[in-house]
There are 2 protein chains.
Amino acid sequence: MEISSKNQSFVYHFGEMGSKWGFNRTVGQMYALLVISEKPLTANQLASALSISRGNVSMGVKELQSWQLIQLSHVPGDRKEYYSAIGSVWDMANTVFEERRKREVDPTLSLLRSLLLEGPSDDTEVYAQNKMQDIHDLLEMITQWAAELQRLSPEQLSTLMKLGAGVSKMLSVKEQLFSKKKDPK
Amino acid sequence: MEISSKNQSFVYHFGEMGSKWGFNRTVGQMYALLVISEKPLTANQLASALSISRGNVSMGVKELQSWQLIQLSHVPGDRKEYYSAIGSVWDMANTVFEERRKREVDPTLSLLRSLLLEGPSDDTEVYAQNKMQDIHDLLEMITQWAAELQRLSPEQLSTLMKLGAGVSKMLSVKEQLFSKKKDPK
DNA sequence: TTAAACTTTCAGAAATTACTGAAAGTTCAA
DNA sequence: TTGAACTTTCAGTAATTTCTGAAAGTTTAA
């Protein structure tokens, strides 16, 4: 199977990007190709389109499945497996964030918690533990926030976006109200 | 220079994480160590603390400088250079996001724009270009949104966070108002 | 100017990661 | 039950990335 030259550029570019996002180059390429293909592709089509070995495709597919990014299907009277990308672009982004959270952020939070629980055992550790606490708090905040955003549809998100600088204005109003309530002098 | 065992765990863990975030292991370790060190460290201290070569430290420092993550300083009567991490934890996170945006998202957007500008040259490209457009739009939205958030202080962000599920409620109210205005039947 | 005290560079070596292809495994129709 | 049509596995190899250490470069004090 050959790919058109524009689609090639796309696929190769996302191969490079993939390698900065937790996949290797060929897995990135495989996924990119599935994303822009209207119909599901077979393993052999992937292998020939990307000039990689059949074995490599098999490993890549396994990896993409572990990220929950692709779907299997079959056509009647054909024993081959057909692969396609799951969901909208927004879903894909969410899935990748979610998966990376599980693989990277969660273990980090749990390490930080356990180190902080022990407490500083000498002077050099006091400063260090403060920083660890900051990192912990920031990561926790980001994860919660991300969970919040993921619940929004892209349309809602885009509305929120268009609020634009309004978000910070809204916040400052809220803060003023809040401080007045608490400290009405 | 030796590191305490808890600080070791931290440094090694962030070495591993670093390698998933665009640095290599030792660069991640160097940065982690600088972050939890109260006082600036010399290149030799970094090398001995992490058991890596002096040359490696030199390259790592260069890399961290290109990410704008560390700062140089000097002590009077000493010709060595002293390195320390720049800014708060929130600043660090912003810097890393910002730098990755420049290195990854921007080139991707520009590739997508140029492919989309050419337009589809055959049937298989029509579907592909739709997907590319979706990815383009999503990336653009995320970048703008991120820029918006970066302008907020961590305190403001945390206020926004505490709004929690409120954000989506607020949005649905806004949407209802908006749709009534536009289509009052 | 010299030389001591430092930093950077970079060729080659080491470590890590990715890929191939042949063999083993699975499934199913006949 | 056999074998054709497929998929998976994995040992060995290839490609890539990272690291070392020696040499070259820079700066400053005397």
Side-chain angles (χ1 to χ4, degrees), chain A residues 1 11-34 40-67 70-84 103-104, chain B residues 1 11-34 40-67 70-84 103-104:
Chain A
M1 211 189 85
V11 164
Y12 286 143
H13 183 88
F14 277 82
E16 299 310 318
M17 286 304 112
S19 69
K20 308 194 166 185
W21 271 88
F23 321 109
N24 67 37
R25 204 188 301 100
T26 46
V27 172
Q29 291 173 358
M30 288 174 50
Y31 187 56
L33 183 51
L34 289 174
L41 302 179
T42 65
N44 282 326
Q45 287 178 311
L46 285 168
S48 85
L50 302 172
S51 318
I52 59 180
S53 74
R54 185 60 186 72
N56 199 357
V57 170
S58 188
M59 293 186 299
V61 159
K62 204 171 145 196
E63 171 85 0
L64 287 170
Q65 280 174 323
S66 84
W67 283 82
I70 61 171
Q71 211 166 26
L72 277 185
S73 55
H74 292 91
V75 305
D78 185 344
R79 278 164 67 181
K80 290 189 279 302
E81 304 201 294
Y82 286 77
Y83 306 100
S84 51
R103 297 172 188 212
E104 296 163 32
Chain B
M1 212 189 82
V11 164
Y12 286 142
H13 183 89
F14 277 82
E16 297 312 317
M17 286 305 112
S19 69
K20 309 194 164 185
W21 271 88
F23 321 109
N24 67 37
R25 204 188 301 100
T26 47
V27 172
Q29 291 173 358
M30 287 175 51
Y31 186 56
L33 183 52
L34 289 173
L41 302 179
T42 64
N44 282 325
Q45 287 177 312
L46 284 169
S48 85
L50 303 172
S51 319
I52 59 179
S53 75
R54 186 59 187 70
N56 200 356
V57 171
S58 188
M59 293 186 298
V61 159
K62 205 171 146 195
E63 171 85 0
L64 288 171
Q65 280 174 323
S66 84
W67 284 82
I70 60 171
Q71 210 166 27
L72 277 184
S73 55
H74 292 91
V75 306
D78 186 343
R79 279 162 67 181
K80 289 189 279 304
E81 304 200 296
Y82 286 78
Y83 305 100
S84 50
R103 295 172 188 212
E104 295 163 33

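By convention in this document, chain letters (A, B, ...) are assigned in the order of the sequence lines, proteins followed by strands, and residues within each chain are numbered from 1.
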Going through the distances and angles, do B:Trp67 and B:Gln65 end up as a side-chain contact (heavy atoms from CB on, under 4.5 Å)? CA-CA 5 Å; B:Trp67 284 82; B:Gln65 280 174 323; over 6 Å; no
Could you walk me through whether A:Tyr12 and A:Gln29 pass the side-chain contact (heavy atoms from CB on, under 4.5 Å) test, one step at a time? CA-CA 6 Å; A:Tyr12 286 143; A:Gln29 291 173 358; 3.3 Å; yes
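In this structure, CE of B:Met30 is placed 12 Å from P of C:dT7, rounded to the nearest angstrom. Whole-Å rounding puts the B:Lys80 NZ to C:dA4 C1' distance at 13 Å. To the nearest angstrom, C1' of D:dT7 lies 13 Å from CG of A:Asp78. Taking atom OH of A:Tyr82 as the reference point, atom P of D:dA5 lies 14 Å away to the nearest angstrom. Atom CD in B:Gln29 sits roughly 13 Å away from atom P in D:dT18 (whole-Å rounding). Across the protein-nucleic acid pair, B:Glu63 atom CD and C:dC10 atom C1' stand 17 Å apart, rounded to whole Å. Taking atom CZ on A:Phe23 and atom C1' on D:dT16, their separation rounds to 20 Å, with Å as the unit. The separation between A:Asn44 atom CG and D:dT8 atom C1' is 13 Å, rounded to whole Å.
Residues forming a salt bridge (charged side-chain N to carboxylate O under 4.0 Å, His left out) with A:Arg79 (at least two apart in sequence, or on another chain): none.
At distances below 3.5 Å, at least one donor-acceptor pair connects side-chain atoms of A:Ser48 with backbone N or O atoms of A:Met1.
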Protein within reach of the bases, or only the backbone? For nucleotides 19-30 of chain D, mark each nucleotide 5' to 3' as B, S or -, using heavy atoms under 4.0 Å. SBB-----BB--
Can you list, pair by pair, the side-chain donor-acceptor contacts under 3.5 Å of residues 21-28 of chain B, counting residues two or more places apart and other chains?
{"unit_1": "B:Trp21", "atom_1": "NE1", "unit_2": "A:Glu104", "atom_2": "OE1", "d": "3.0"}
{"unit_1": "B:Asn24", "atom_1": "OD1", "unit_2": "B:Thr26", "atom_2": "N", "d": "3.2"}
{"unit_1": "B:Asn24", "atom_1": "OD1", "unit_2": "B:Thr26", "atom_2": "OG1", "d": "3.1"}
{"unit_1": "B:Asn24", "atom_1": "OD1", "unit_2": "B:Val27", "atom_2": "N", "d": "3.0"}
{"unit_1": "B:Arg25", "atom_1": "NE", "unit_2": "B:Glu16", "atom_2": "OE2", "d": "3.3"}

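Taking all atoms of both residues into account, the shortest heavy-atom contact from A:Met30 to A:Leu50 is CG-CD1, 3.6 Å.
Taking only side-chain nitrogens and oxygens, A:Lys62 never comes nearer than 4.0 Å to OP1 or OP2 of D:dT7.
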